[in-house]
Amino acid sequence: MVRKTSSCLIAGILACTPAAHAQQASEDWQTIDVLTAMVANAMGRSATPIDRRIKLARCPEQASITAIDAQTLAVRCPSLGWRLRVPMTGPAGVTPTQASYARPAAAPVIRRGDNVRVTIDTESFSISYAAIASEDGRVGETIALRGSDAKSLLSATVTGPGRARLED
């Protein structure tokens, strides 16, 4: 009887072990939510929390968080190949009722896909090059741009139609 009880106890412990291991192996969304909130806040926006029902393998390194456009962040784990899109909402700290009273914004002077002349001005030199807008932009807004290489992303401030400036 003692032998049967101990074997049942061991079987019960072994049955629980894979579940505990699987729980540790899934991504920690609380940490990712903190990181996405920091990135979104830096952009003057708020990030939507990630749905806890999503189960992905834990990334062995820190997941990267980048802005896809003004409304979306991408959370990526390059080594495992997964990517999530995290939507962002209006300006950080502004309630929808406050936002509804804002005056209408001017029309964008740069549209997504437009060719943009990006300039970098310093005291000793000025450089300009071509990029493609990844999002619409109004004068004074900072928008995402793609260089000649699809992987090279940068942000620049819109100065006029088809023109942006990189701040140093």
Side-chain angles (χ1 to χ4, degrees), residues 27-54 56 58-168:
E27 189 57 61
D28 176 21
W29 296 126
Q30 185 173 3
T31 303
I32 300 291
D33 278 343
V34 169
L35 294 172
T36 57
M38 288 173 30
V39 172
N41 194 29
M43 297 174 66
R45 315 268 306 171
S46 298
T48 305
I50 296 173
D51 188 340
R52 298 300 193 254
R53 295 174 291 184
I54 298 172
L56 292 174
R58 183 181 297 267
C59 193
E61 70 272 359
Q62 182 171 343
S64 68
I65 300 169
T66 55
I68 295 174
D69 55 30
Q71 292 83 24
T72 314
L73 294 175
V75 179
R76 292 183 176 95
C77 181
S79 61
L80 296 178
W82 57 255
R83 179 181 80 168
L84 292 174
R85 289 174 173 252
V86 178
M88 292 187 289
T89 57
V94 175
T95 62
T97 55
Q98 290 174 328
S100 66
Y101 292 110
R103 46 181 196 134
V109 294
I110 294 178
R111 297 279 183 186
R112 181 179 180 164
D114 284 355
N115 289 322
V116 179
R117 175 60 61 191
V118 180
T119 59
I120 303 170
D121 295 316
T122 68
E123 292 176 13
S124 56
F125 64 88
S126 177
I127 299 174
S128 65
Y129 59 93
I132 297 173
S134 296
E135 60 188 330
D136 294 350
R138 295 169 182 78
V139 174
E141 288 183 337
T142 300
I143 62 169
L145 301 164
R146 274 190 336 259
S148 58
D149 178 14
K151 292 183 180 178
S152 63
L153 297 174
L154 59 116
S155 296
T157 305
V158 177
T159 58
R163 301 208 173 269
R165 180 180 57 239
L166 229 99
E167 304 293 331
D168 51 313

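By convention here, the first residue in the shown sequence is residue 1.
- G162 approaches I110 most closely through the heavy-atom pair N-CG1, 3.6 Å.
- Note that OG of S155 and CG of L145 are 7.5 Å apart. Values are rounded to the nearest 0.5 Å.
- Counting heavy atoms of neighbouring residues, nucleotides and ligands inside a 6.0 Å radius, atom CD of Q62 does not exceed 12 of them.
- Contact of the W29 side chain with the D51 side chain is not registered, since no non-hydrogen atoms from C-beta on lie closer than 4.5 Å.
- Annotation: side chain of V86 is not in contact with side chain of I65 (no heavy-atom distance under 4.5 Å).
- Residues M43 and L73 have side chains in contact (heavy-atom distance under 4.5 Å, counting atoms from C-beta outward).
- Put simply, the side chain of T48 gets close to the backbone of P87: a donor and an acceptor are under 3.5 Å apart.
- The CZ atom of R85 sits 8.5 Å away from the CZ atom of R76 when rounded to the nearest 0.5 Å.
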(message) Checking L84 against L56 for the side chain to side chain contact (heavy atoms under 4.5 Å, CB included) test, could you report, in this order, the C-alpha distance in whole Å, the side-chain angles of both residues, the deciding distance, and whether it holds?
(response) CA-CA 10 Å; L84 292 174; L56 292 174; 4.1 Å; yes

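- Residues P108 and E135 fail the side-chain proximity criterion, which asks for heavy atoms closer than 4.5 Å.
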Distance-only donor-acceptor hits, side chain of residues 30-40, under 3.5 Å, sequence neighbours excluded:
| unit_1 | atom_1 | unit_2 | atom_2 | d |
| --- | --- | --- | --- | --- |
| T31 | OG1 | D28 | OD2 | 2.5 |
| D33 | OD1 | I50 | N | 3.0 |
| D33 | OD2 | R52 | NH1 | 2.6 |
| D33 | OD2 | R52 | NH2 | 2.8 |
| T36 | OG1 | I32 | O | 3.2 |
| T36 | OG1 | D33 | O | 3.0 |

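- The two residues E61 and S79 make their nearest non-hydrogen contact at OE1-OG, 3.0 Å.
- Distance check, rounded to the nearest 0.5 Å: CD1 of I132 to CZ of R146 gives 5.0 Å.
- For the pair R165 (side chain) and D121 (backbone), a donor-acceptor distance under 3.5 Å is absent.
- The shortest non-hydrogen separation linking V116 to A133 is CG2-CB, 4.0 Å.
- Across all non-hydrogen atoms, the minimal contact from R45 to M88 is NH2-O, 3.4 Å.
- Heavy atoms only, all atoms of each residue included: I143 and G137 are closest at CG2-CA, 3.6 Å.
- Listed by chain and residue number, D69 satisfy the side chain to side chain donor-acceptor pair (under 3.5 Å) test with T72 (two or more places apart in sequence, or in another chain).
- Rounding to the nearest 0.5 Å gives a distance of 8.0 Å between OG1 of T157 and CG of L166.
- Here N115 pairs with nothing under the side chain to side chain donor-acceptor pair (under 3.5 Å) rule; sequence neighbours left out.
- Between the OG atom in S46 and the CG atom in N41 there is a gap of 7.0 Å [rounded to 0.5 Å].
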